[in-house]
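In listed order, ligands and their atoms are each counted from 1.
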Amino acid sequence: MMGLGLITLPAVLLVLCGREAAGSAPEISTSIEESTKGSLLLYCNLTDPNIVISGHKWIKGGKVLKEDTEASPIMSLNVTEGHDGSGQYTCEFQTSPVMSGLVNVTAPPHVSAYKKSEHGNEGDTGVLTCKSSSFPPVDAWAWYFVTETENMPLINGTERYIIKSSGNKTELRIEQLDIEKDQGNYMCNGTNLYGTESATIHLRVRSRLAALWPFLGIVVEVLILVTIIFIYEKRRKPDEVPEDDDGAAPLKSNAGSNHDNVRQRNSS
Ligand SMILES: *[C@@H]1O[C@H](CO)[C@@H](O)[C@H](O)[C@H]1NC(C)=O
Ligand SMILES: *[C@@H]1O[C@H](CO)[C@@H](O)[C@H](O)[C@H]1NC(C)=O
Ligand SMILES: *[C@@H]1O[C@H](CO)[C@@H](O)[C@H](O)[C@H]1NC(C)=O
Ligand SMILES: *[C@@H]1O[C@H](CO)[C@@H](O)[C@H](O)[C@H]1NC(C)=O
Ligand SMILES: *[C@@H]1O[C@H](CO)[C@@H](O)[C@H](O)[C@H]1NC(C)=O
Ligand SMILES: *[C@@H]1O[C@H](CO)[C@@H](O)[C@H](O)[C@H]1NC(C)=O
């Protein structure tokens, strides 16, 4: 938010578009003015009053934002200040041929993490990603490892760090994750002409053994269950033998085979 004041500067600098055309050619002059707090008014004014106009169109990123069929030589658009409204706006006068101008609305980067916390297994590659959507794109991205005392810069290609960056995204890969060294907070920092902003991501590194815990748990559970069944069957046997001789016989052999199973598992 701190760099927003700069956006109003272009209001003073009236940018003249279409200068490349011959001197006598009609021109579109553009300006940005602060309207109410938090919003900007973009203007495209056609300087030649004799041109027949049959409408206007405001376009951003290929999308038509506003359209009319009026004849005014002045067209305006209300946009929000800051990263949401930042971008390149095209104003189009429906003339023959169509005449258009370009208005750049700038803002500091709006940096955010894809995921505020990431995790990886020891030995794997960890991937942390930050993005920024504002205009103009980020000129320089930087990554830091955050400690209590300082932000340690991470240099591409050193240690196990690989950094890939573009105007709206940066990716830090950490190879061969190490629990002791790599777990902690990382900061990505994006800078353009209008300011700088950062975001923090927490990286958790899990030990290889941790991935085995659920499996070990199941093995232990099965062993306990088998033991309980075994003890239960053994205790039940003396009671049942006098009551029902026929029923006890299969139970006895079951118990015996359980006993063998346990012994085999334990010895293997
Ligand atoms: C365009 O016209 C509007 C309304 O008269 C004015 O406020 C604005 O400053 C003009 N912009 C330029 C670039 O002439
Ligand atoms: C621009 O939009 C804001 C918010 O929608 C509104 O408060 C303001 O009055 C609008 N300004 C103009 C000049 O239309
Ligand atoms: C708008 O931004 C683009 C890209 O950064 C640049 O090429 C162009 O000259 C700018 N136009 C104006 C009118 O500022
Ligand atoms: C980091 O280094 C790799 C390979 O050396 C390269 O492809 C990549 O563009 C570099 N990234 C940055 C941000 O300079
Ligand atoms: C920004 O991100 C979009 C996808 O979200 C991509 O298509 C575009 O090429 C990116 N722009 C830059 C300058 O990297
Ligand atoms: C981000 O990087 C810029 C430019 O390198 C620097 O001025 C700024 O202090 C950094 N911000 C943080 C929080 O480190």
Side-chain angles (χ1 to χ4, degrees), residues 3-4 6-21 27-47 56 58-62 65-68 70 72 74-93 99-109 111 125-145 153-176 186-196 198:
L4 285 183
L6 283 163
I7 295 168
T8 51
L9 270 181
V12 184
L13 305 162
L14 297 186
V15 185
L16 298 178
C17 295
R19 275 249 187 248
E20 51 282 293
E27 286 174 349
I28 295 173
S29 64
T30 69
S31 61
I32 302 174
E33 281 162 26
E34 191 149 26
S35 60
T36 48
K37 189 147 181 66
S39 60
L40 303 170
L41 215 45
L42 316 188
Y43 281 108
C44 280
N45 302 356
L46 200 55
T47 51
H56 313 94
W58 281 101
I59 302 160
K60 184 192 183 190
L65 301 174
K66 189 179 167 190
E67 204 173 357
D68 66 46
E70 284 156 28
S72 166
I74 293 169
M75 59 189 282
S76 68
L77 181 70
N78 188 357
V79 303
T80 58
E81 218 172 348
H83 66 91
D84 276 343
S86 74
Q88 293 184 281
Y89 294 80
T90 302
C91 55
E92 234 178 59
F93 284 96
M99 294 175 63
S100 63
L102 186 66
V103 185
N104 289 344
V105 178
T106 59
V111 176
T125 298
V127 182
L128 310 181
T129 310
C130 287
K131 59 186 172 153
S132 167
S133 55
S134 47
F135 180 87
V138 168
D139 299 317
W141 286 102
W143 281 93
Y144 303 90
F145 183 69
L154 306 179
I155 312 296
N156 187 26
T158 67
E159 297 279 335
R160 291 157 289 121
Y161 303 123
I162 298 169
I163 296 167
K164 276 194 195 137
S165 299
S166 69
N168 51 11
K169 189 173 148 185
T170 182
E171 187 184 274
L172 167 69
R173 299 178 84 88
I174 308 167
E175 295 178 322
Q176 298 277 323
Y186 291 79
M187 188 174 80
C188 58
N189 180 347
T191 304
N192 70 14
L193 202 57
Y194 301 92
T196 178
S198 59

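Applying the 4.0 Å criterion to heavy atoms of Gln88 picks out, from ligand 3, the atoms 1 (C), 2 (O), 3 (C), 4 (C). Each of the atoms 2 (O), 5 (O) of ligand 3 lies under 4.0 Å from some heavy atom of Phe135.
Which of Val103, Thr30, Asn104 comes nearest to atom 14 (O) of ligand 3 through a heavy atom is settled by distance: it is Asn104.
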Open item on the list: What verdict does the side-chain contact (heavy atoms from CB on, under 4.5 Å) test give for Val79 and Tyr89, after you've listed the backbone C-alpha separation in whole Å, the side-chain angles of each residue and the deciding distance to 0.1 Å?
Closed with: CA-CA 10 Å; Val79 303; Tyr89 294 80; 3.6 Å; yes

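There is no protein heavy atom closer than 4.0 angstrom to atom 9 (O) of ligand 4. Remark: atom 4 (C) of ligand 4 lies closer than 4.0 Å to no protein heavy atom.
Considering both main-chain and side-chain atoms, Asn156 comes within under 3.5 Å of ligand 4 through a nitrogen or oxygen pair.
At a cut-off of 3.5 Å, with distance as the only test, no side-chain donor of Asn168 or Ser133 sits close to an acceptor on the other residue.
Using a 4.0 Å cut-off between heavy atoms, Tyr89 makes no contact with ligand 3 at all.
By the neighbour-count criterion of 12 heavy atoms within 6.0 Å, atom CD of Gln176 is sparsely surrounded, having that number or fewer from other residues, nucleotides or ligands.
For atom 6 (C) of ligand 2, the closest heavy atom belonging to the protein is Thr36 OG1, 3.9 Å. Nearest protein neighbour of atom 11 (N) of ligand 2, counting heavy atoms only, is Asn78 ND2, 2.8 Å. With hydrogens left out, the protein atom closest to atom 13 (C) of ligand 4 is Ile163 O, 3.6 Å, a heavy atom.
Panel note: side chain Thr47, backbone Glu27; a donor-acceptor pair is recorded below 3.5 Å. Not a single donor-acceptor pair under 3.5 Å links the side chain of Lys164 to the backbone N or O of Lys169.
Under 4.0 Å is where a charged nitrogen must lie from a carboxylate oxygen, and between Arg173 and Glu171 at least one such pair does.
Taking both residues in full, the closest heavy atoms of Trp143 and Thr129 are given as CH2-N, 4.2 Å, listed atom of the first, atom of the second, then distance.
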